[in-house]
Amino acid sequence: MKKNSNQQGKLRRRPAFPFITERFLPQFLKMKKWLRWAAAAFTLFILILAGTLIFLRTQSLPVTAISQTSQMLDLHGNVIDTFHAGENRRSVQLSDISHYVIEATLAIEDRRFYDHRGFDMKGMARAVMVNVQSFSARQGASTLTQQLARNLYLTHERTWQRKLKEAMYTVQLEMNYSKDEILGMYLNQIYYGHGSYGIEAAAMMYFNKHASELTLAESAMLAGIPKGPKYYSPYLNMKNAKDRQLTILQAMLEGGSITSEQADAAYKEMLSFQTLGSGDQEGFAPYFRDYIRYIAVDKLGINEHLLNEGGITIYTTLDPSAQATAEEVIAKGFPENSEQQAALIAIDPRTGYIKAMVGGRNYKNNQYNRVFAKTRQPGSSFKPFLYLTALQSGFMSPVTRYKSEPTVFTYDEGRKTYEPRNYGDKYLNELIDMRQALASSDNIYAVNTIMTVGADKVIETAKKLGIESPMKPVPSLALGTFPVSPFEMASAFGTFANGGIHMEPVAILRIEDRKGQVLYEAKQKSVQAITPAEAYVMTSLMESVFEEGGTGFRVSSIIKRPIAGKTGTTPTDAWLVGYTPELATAVWVGYDKDRKLTVAEAYRAAPIFAKFTEQALTAIPPKIFPIPEGIVNVYIDPTSGKLAESSCPHRRLETFISGTEPTDVCGEPAGAGNNDSDATQNGSGTAGRRSWWNDLKRWWTD
């Protein structure tokens with residue numbers, strides 16, 4: 001039987017709403033297709049994004065060599081110089097930056113810094129619209145992280161390629177660093193104008209403050225500069241700078257970080273700016289700074305690139321008070337139009353620390369450091385080395401006498417002669433002893449001495465005390481005819497002040513890298529060059545230079561403390577080298593081209609020495625030179641050199657190395673049983689104490 005045709009296939013269900021179905025079903029089917037494509041595209045996008053993030057996570061950020069400004073500090077930790085190759089930069093921790101700087105920077109640059117992951121989406125959308133409309137990369141909405149990525153790794157060209165790289169590095173920075181670390185890096189990288197990179201360098205340049213010390217007003221001023229260093233620099237346009245400061249203060253007020261009262265007070269505050277360029281100075285202690293650079297690079301082997309860009313810190317021995325005094329007394333020690341030059345070097349004899357250094361009168365015009373000039377004859381200031389040799393020889397003592405009169409000396413087995421002359425052709429024409437000869441700077445006595453002890457021995461002694469300049473064993477050596485630098489003289493005289501111990505001069509205490517790791521640390525080098533007794537006897541003899549009849553007596557009224565030293569004068573050079581227990585100083589004056597000195601010009605060394613020593617030690621109470629063991633103080637008759645009893649017409653308390661005092665006696669004892677009680681006293685005896693007390697009263701009342 002044949003079936004009905006409508007039963008041959010499956011029956012179709014009649015639509016409930018035939019009109020709607022017929023109209024929208026085709027569109028729905030098409031939308032379903034596009035939704036599938038959209039879902040696939042979104043999934044692919046997520047996979048690509050995830051893959052990109054994983055890839056960026058595994059990649060290292062580009063290596064960046066960040067230039068860091070190196071610093072030189074004085075003995076008290078004050079910055080006296082910075083080193084940088086074009087970029088003045090000094091990084092500090094975020095905790096060492098004023099919170100006002102942080103708040104001002106975030107308020108004006110990136111308010112949502114702590115809320116986003118490197119990109120400000122609203123700002124980016126706005127920038128994209130502007131750039132698409134203009135078909136260029138005209139506008140940006142860079143976050144701090146984006147700016148940091150650009151500053152660290154990219155140029156500032158406005159191209160899409162650079163923007164893409166910037167976005168990649170921004171993501172990597174956010175992945176690898178915390179927000180505080182990124183903010184810290186940004187504040188240490190941003191340019192604040194006039195060669196200063198980073199907030200620390202800017203704070204020092206504009207206000208001579210550390211970043212941690214900046215006030216609200218100062219912080220708002222500095223935070224406005226990076227947007228346009230030339231346009232908003234207070235040095236170049238104060239009105240623009242103040243307008244920008246006000247904008248930042250208002251942004252901080254809107255953000256709730258300050259009150260309206262604080263904003264008003266900060267805007268009205270009168271800021272005190274550093275003089276632009278004062279940090280590039282020939283400035284403070286310029287000769288010392290050059291010396292430090294020389295020591296660091298040439299002696300210690302510090303790489304010059306590291307010095308200029310490595311952010312190292314050099315701790316030095318410079319005493320800022322002593323240095324300021326040295327510069328002042330030299331500046332005032334000459335007529336303004338004088339071409340005469342000067343050098344001063346002061347060393348702590350107990351440590352070898354160089355406390356002050358002035359290498360000339362005008363660093364800007366001439367950078368030659370005369371402190372190290374080995375071209376100047378020391379003249380009679382060399383004689384202490386001669387008389388020390390005499391004391392060590394056993395042939396002579398402080399009471400050994402020679403006649404002060406014109407004398408012709410023969411040497412080299414009679415083949416040569418030498419005829420020294422006293423300054424001004426002045427002779428006593430009588431027998432004088434070592435103390436008198438040293439105080440009055442008698443040349444005849446000096447040559448008699450070198451002929452007695454031998455010039456070779458004098459050279460040997462001088463070298464033990466730190467004299468390195470070449471010398472020849474000839475009679476004229478006694479008069480300081482071979483050039484020696486002021487640096488050597490101060491170092492050598494410091495040996496007398498330090499009880500015979502020679503301390504090698506030190507200028508750099510240590511050097512640290514930017515992380516505080518020690519690259520170099522000085523080790524004190526000392527040697528017992530002479531005995532304490534020998535050093536003390538020479539000190540006692542040199543004290544006479546500043547007493548009546550001595551060549552330094554005319555400045556003794558300036559000095560209110562025990563002092564020892566020696567003057568030196570040649571036709572072209574004038575010196576005074578001396579010391580207290582705390583400070584050994586050499587002063588030289590003269591002309592660079594060996595021009596002869598007038599009497600007035602030669603007299604300028606002593607006042608400079610005296611004023612510097614007294615002012616540099618103002619805060620230190622006067623101290624006598626300590627008397628070591630092995631010293632004997634005896635009363636002697638200066639006309640005969642014999643021990644002086646109470647009945648001797650002339651008596652003087654003299655100091656000897658124990659065992660070298662005279663044994664012959666002048667006069668008769670005052671009474672039985674006290675032969676030694678008056679004539680002889682050891683270093684701790686009552687006569688010695690009376691002498692110290694009388695001297696101290698004289699120093700106090702002068």
### Task
Let me see the working for Phe409 and Tyr418 under ring-ring contact (aromatic ring centres under 6.0 Å, His included), right down to the final yes or no.
CA-CA 5 Å; Phe409 296 89; Tyr418 179 56; 7.2 Å; no
### Task
Check Pro483 against Pro378 and note the closest heavy-atom contact, atom names and distance.
CA-CD, 4.3 Å
### Full working for side chain to side chain contact (heavy atoms under 4.5 Å, CB included) between Glu543 and Ile563
CA-CA 6 Å; Glu543 284 181 297; Ile563 191 83; over 6 Å; no
### Query
Any side-chain heavy-atom pair from Met396 and Val453 closer than 4.5 angstrom?
yes
### Task
Would you give the length of the straight line joining atom CG of Asn633 to atom CD of Glu661, rounded to the nearest 0.5 angstrom?
10.5 Å
### Query
Got a sec, which pairs hit side chain to side chain donor-acceptor pair (under 3.5 Å) with one end in residues 349-358, sequence neighbours left out?
Asp348-Arg350
### Query
For Tyr291 and Phe372, what are the C-alpha separation, side-chain angles and deciding distance, and is it a ring-ring contact (aromatic ring centres under 6.0 Å, His included)?
CA-CA 10 Å; Tyr291 177 61; Phe372 300 99; 4.7 Å; yes
### Query
How far apart are the C-alpha atoms of Asp290 and Arg293, what are their side-chain angles, what is the distance that settles it, and do they pass the salt bridge (Lys or Arg N to Asp or Glu O under 4.0 Å) test?
CA-CA 5 Å; Asp290 283 354; Arg293 189 181 189 108; over 6 Å; no
### Task
Starting from the C-alpha separation in whole Å, work towards a yes-or-no answer on side chain to side chain contact (heavy atoms under 4.5 Å, CB included) for Tyr387 and Thr449.
CA-CA 8 Å; Tyr387 295 135; Thr449 301; 3.6 Å; yes
### side chain to side chain contact (heavy atoms under 4.5 Å, CB included) evaluation trace for Val665 with Lys642
CA-CA 5 Å; Val665 179; Lys642 297 179 180 180; 5.9 Å; no
Give every donor-acceptor pair under 3.5 Å between a side-chain atom in residues 467-474 and any protein atom, sequence neighbours left out.
unit_1: Ser469; atom_1: OG; unit_2: Glu488; atom_2: OE1; d: 2.6
unit_1: Ser469; atom_1: OG; unit_2: Glu488; atom_2: OE2; d: 3.2

### Query
Who passes salt bridge (charged side-chain N to carboxylate O under 4.0 Å, His left out) against Glu336, sequence neighbours left out?
none
### Task
Find out whether Lys611 and Ile558 are in side-chain contact, i.e. whether some heavy atom of one side chain is under 4.5 Å from a heavy atom of the other.
yes
### Task
Spell out, as yes or no, whether a donor-acceptor pair under 3.5 Å connects the side chain of Thr317 to the backbone of Ile354.
yes
### Query
Does NZ or CZ of Arg554 come closer than 6.0 Å to the centre of the six-membered ring of Tyr603, within 45° of the ring's axis?
yes
### Task
Starting from the C-alpha separation in whole Å, work towards a yes-or-no answer on salt bridge (Lys or Arg N to Asp or Glu O under 4.0 Å) for Lys403 and Glu430.
CA-CA 5 Å; Lys403 192 171 184 180; Glu430 62 182 30; over 6 Å; no
### Query
Under 6.0 Å between the ring centres of Phe625 and Tyr579?
yes
### Task
Using a 4.5 Å cut-off on heavy atoms from C-beta on, say whether the side chain of Val329 contacts that of Gln615.
yes
### Query
Ignoring hydrogens and geometry, is there a side-chain-to-backbone donor-acceptor pair from Asp442 to Ile444 under 3.5 Å?
yes
### Message
What's the separation between atom CG in Leu479 and atom OG in Ser441, rounded to the nearest 0.5 Å?
### Response
8.5 Å
### Thr407 side-chain N/O to Glu405 backbone N/O, donor-acceptor pair under 3.5 Å
yes
### Query
Just how far is it from atom OH of Tyr591 to atom CD of Gln341, taken to the nearest 0.5 Å?
10.0 Å
### Task
Could you grab the distance from atom OG1 of Thr660 to atom CZ of Phe395, nearest 0.5 Å is fine?
14.0 Å
#### Entry: Ser491-His502 side chain donor-acceptor pair, cut-off 3.5 Å
yes
## Note on the structure
Output for pair (Phe482 CZ, Phe382 CZ), nearest 0.5 Å, gives 9.0 Å
#### Entry: Test item: side-chain donor near acceptor, Tyr402 and Thr452, under 3.5 Å
yes
### Task
Have a look at Arg376 and tell me which of Thr570, Asp592, Asp573 forms a side-chain hydrogen bond (donor to acceptor under 3.5 Å, both in side chains) with it.
Asp573
### Message
Looking at Arg421 and Glu419, would you say the former's side chain and the latter's main chain have a donor-acceptor pair under 3.5 Å?
### Response
no
### Query
What class does the angle between the rings of Phe609 and Phe546 fall in, given that below 30° is parallel, 30 to 60° is tilted and above 60° is perpendicular?
parallel
### Message
Do Lys383 and Ser380 pair up side chain to side chain, a donor and an acceptor below 3.5 Å, judged on atom types alone?
### Response
yes
### Message
Any non-hydrogen side-chain atom of Glu460 less than 4.5 Å from a side-chain atom of Lys457?
### Response
yes
### Task
Would you check if Glu534 and Ile657 make a side-chain contact, meaning some heavy-atom pair closer than 4.5 Å?
yes
### Query
Between Ser556 and Gly552, is there a donor-acceptor pair closer than 3.5 Å when you use the side chain of the first and the backbone of the second?
no
#### Entry: CE on Met357 to CG on Leu344, rounded to 0.5 Å
10.0 Å
### Query
Run the salt bridge (Lys or Arg N to Asp or Glu O under 4.0 Å) check on Glu614 and Arg561 step by step: do they pass?
CA-CA 8 Å; Glu614 188 59 33; Arg561 63 187 64 241; 3.5 Å; yes
### Query
Please walk me through it: do Leu509 and Glu521 pass side chain to side chain contact (heavy atoms under 4.5 Å, CB included)?
CA-CA 6 Å; Leu509 294 176; Glu521 189 162 15; over 6 Å; no
